J.: 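Please see the structure below; I have some questions.
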Amino acid sequence: MSDAAVIVCDNLVKIYKQADLEVIALQGLDLVVDAGEFVAIMGASGSGKSTLLGVLGGLVSPTAGAVSVGGNDLLQLSVRDRTRFRRSEVGFVWQQTARNLVPYLSARENVELPMRFDGRSRRDRRLTAMRLLDQVGLSGRTDHRPSQLSGGEQQRVAIATALANSPRVVFADEPTGELDTDTASEVVEVLRTVNREDGVTIVVVTHDSELAAYTDRTVLIRDGRTSTEVLRRSTGGVGVGVIAEEFAVLDRVGRLQLPTEYVDALELQQRVRLTLDSDRINVWPDRPGADEVDSEAWAQPADPQEGDDD
Ligand code: ADP
Ligand code: MG
């Protein structure tokens, strides 16, 4: 798609094999994220969001397809390169605050920890940790331990820790899942800030469409595939307004997933008729004469039913 792509997934497949059970978590997922983008991933529980982040972060090995992050082909990395990749090219923020931070270390010591593994000098570690804690608004809390910080503050320390080794990409898996709404938006604002100030690419999984609205683009995953994308473009000067446009995703070989609401509205099943106009493609139900019927008849939702919110 572009030279600036930092993440490319092409027909990515992940199958978890257990004793006599196979779970297809990702089934041919396509995704391109450009350097410096701030992208939200949304989708129902079990749709494969965490699996995707795990694959992109080098924690879960893919079954098939192609995936590269920052120019690293994740199917080809040696064990040693994978360790280096996880330590210095990507950063993680998890939902569970306890998973992000070491409880008996102060905020500053937590941020310094990944830099120790990377062998940086004590002075460099300390200066970097203080700068990062300042950036996430916690310069007054550097000596506090996680238990002395609020949930939102702990997640901000986690963001600073994820940034410690200057990764190309930060992955955050429902980082605000355990926070109340106000605190959650503070945390997402911090992600937005580091994205803008440092140009670090951020991919965040969230359930909350209000939080997703802070990002440049929302990618919707359904059944282990990307189905819909919402792009947000600023309409002019700072804060003037944002236009959100929804797109369906066309994969490499031209496959398209129709939104469930559209399929239901026209009771589409198995086959549809396609007709090409000079500027559009029409999709018709496979019913005798359906493409001859006045299109108005099909423009109305069949029977507006309420109550199915999934
Ligand atoms: P999400 O984060 O969108 O809720 P997940 O990626 O966690 O989705 O899960 C996708 C599917 O893969 C689900 O059906 C889940 O049960 C399954 N799954 C996830 N992790 C494992 C695992 N380690 N072993 C077996 N199945 C798994
Ligand atoms: Mg998940």
Side-chain angles (χ1 to χ4, degrees), residues 33 36-43 45 49-50 53 57 90-103 105-114 128-167 169-219 230 232-234 237-242 244:
V33 176
E37 257 196 294
F38 184 16
V39 175
I41 309 264
M42 296 188 77
S45 176
K49 305 179 299 292
S50 294
L53 285 206
V90 293
F92 268 99
V93 180
W94 305 100
Q95 174 174 356
Q96 304 85 351
T97 47
R99 187 171 175 185
N100 290 315
L101 302 175
V102 180
L105 297 181
S106 70
R108 178 178 56 73
E109 289 164 337
N110 266 286
V111 181
E112 286 187 21
L113 198 57
T128 306
M130 297 305 263
R131 176 179 60 76
L132 289 171
L133 285 167
D134 185 43
Q135 192 176 21
V136 301
L138 291 177
S139 47
R141 295 274 197 279
T142 56
D143 292 329
H144 290 56
R145 290 184 183 187
S147 62
Q148 298 168 311
L149 298 169
S150 71
E153 288 172 335
Q154 290 179 43
Q155 289 305 66
R156 279 144 67 191
V157 177
I159 294 168
T161 306
L163 291 167
N165 286 330
S166 312
V169 191
V170 169
F171 298 108
D173 197 351
E174 306 201 30
T176 60
E178 294 180 351
L179 306 176
D180 63 64
T181 316
D182 287 349
T183 316
S185 45
E186 269 170 42
V187 167
V188 176
E189 274 171 37
V190 166
L191 287 173
R192 175 87 262 185
T193 304
V194 296
N195 164 257
R196 289 226 170 102
E197 289 179 354
D198 299 356
V200 58
T201 309
I202 299 183
V203 180
V204 58
V205 169
T206 178
H207 266 112
D208 187 336
S209 48
E210 276 183 43
L211 298 184
Y214 283 87
T215 66
D216 302 321
R217 175 161 64 118
T218 300
V219 175
V230 177
R232 276 170 283 275
R233 300 195 184 100
S234 158
V238 183
V240 167
V242 170

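Source: prediction; values computed, not measured. Numbers for residues simply follow the sequence, beginning at 1. Worth knowing before you read on, the calculation uses all heavy atoms, side chains too, and leaves out hydrogens, waters and symmetry mates.
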J.: So, D216 side chain and V39 main chain: donor-acceptor pair closer than 3.5 Å or not?
T.: no
J.: Can you give me the closest heavy-atom contact between L179 and G151, atom names plus distance?
T.: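 For L179 and G151, the tightest heavy-atom pair comes out as CD2-C, 3.5 Å.
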J.: Of all heavy-atom pairs between L149 and H144, which one has the smallest distance, and what is that distance?
T.: CD2-CB, 3.6 Å
J.: Minimum heavy-atom separation for D173 and S50, please, with both atom names.
T.: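 Closest heavy-atom pair between D173 and S50: OD2-OG, 2.6 Å.
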J.: Listing request: all ring pair (Phe, Tyr, Trp, His ring centres under 6.0 Å) pairs with a residue in residues 170-196, at least two apart in sequence or in separate chains.
T.: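 Sorted result for residues 170-196: F92-F171.
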J.: How long is the gap from CD on E37 to CG on N195, to the nearest 0.5 Å?
T.: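 Answer rounded to 0.5 Å: 9.0 Å.
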J.: Verify side chain to side chain contact (heavy atoms under 4.5 Å, CB included) between T176 and V188, making sure each step is shown before the conclusion.
T.: CA-CA 8 Å; T176 60; V188 176; 4.0 Å; yes
J.: Ignoring hydrogens and geometry, is there a side-chain-to-backbone donor-acceptor pair from R108 to T142 under 3.5 Å?
T.: no
J.: Are V111 and V157 close enough that some pair of their side-chain heavy atoms sits under 4.5 Å apart?
T.: yes
J.: Look at the side chain of N100 and the backbone N and O of W94, then say whether any donor-acceptor pair between them is shorter than 3.5 Å.
T.: yes
J.: Of all the heavy-atom pairs spanning G152 and V187, show the shortest one and how long it is.
T.: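 Reported closest heavy-atom pair: O-CG2, 3.8 Å.
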J.: Got V194 and L163 here, is their nearest side-chain heavy-atom distance under 4.5 Å?
T.: yes
J.: E186 versus Q155: any side-chain heavy-atom pair under 4.5 Å?
T.: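 A side-chain contact is absent here, since even the closest heavy-atom pair is not under 4.5 Å.
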J.: Hey, is the main chain of Q95 close enough, under 3.5 Å, to the side chain of E174 for a donor-acceptor pair?
T.: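 Answer holds: no.
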J.: What is the distance from atom OG1 of T181 to atom CG of D208, rounded to the nearest 0.5 Å?
T.: 7.0 Å
J.: Roughly how far, to the nearest 0.5 Å, is CD of Q154 from CD1 of I159?
T.: 12.5 Å
J.: Give me the atom names and distance for the closest heavy-atom approach of A40 to T206.
T.: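 Scanning both residues, the minimum pair turns out to be CB-CG2, 4.4 Å.
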J.: Counting N and O atoms only, with roles assigned by atom type, does the side chain of K49 sit under 3.5 Å from a partner on the main chain of I41, one being a donor and the other an acceptor?
T.: no
J.: Find the distance between CD (E153) and OG1 (T97) and round it off to the nearest 0.5 Å.
T.: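 Answer for the CD-OG1 pair, E153 versus T97, is 12.0 Å.
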J.: So, using salt bridge (charged side-chain N to carboxylate O under 4.0 Å, His left out) as the criterion, who are the partners of R145 when residues are at least two apart?
T.: none
J.: Nearest 0.5 Å, what's the CG-CG distance between L132 and L138?
T.: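 These two atoms lie 11.0 Å from each other.
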J.: Tell me if the CD atom of E210 is crowded by more than 12 foreign heavy atoms within 6.0 Å.
T.: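 Open.
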J.: Which heavy atom in E112 sits nearest to a heavy atom in A129, and how many Å separate them?
T.: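 Heavy atoms of E112 and A129 come nearest at CG-CB, 3.7 Å.
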J.: Between the main-chain N or O of Y214 and the side-chain N or O of R192, is there a donor-acceptor pair closer than 3.5 Å?
T.: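 Flag set: sc R192 to bb Y214 pair under 3.5 Å.
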J.: Run the side chain to side chain donor-acceptor pair (under 3.5 Å) test on T161 and N110 for me, step by step, so that the C-alpha distance in whole Å, both residues' side-chain angles and the decisive distance to 0.1 Å come before the verdict.
T.: CA-CA 7 Å; T161 306; N110 266 286; 5.5 Å; no
J.: How long is the span from the CG atom in L113 to the CG atom in L105, to the nearest 0.5 Å?
T.: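 Between L113 CG and L105 CG, I get 6.0 Å after rounding to 0.5 Å.
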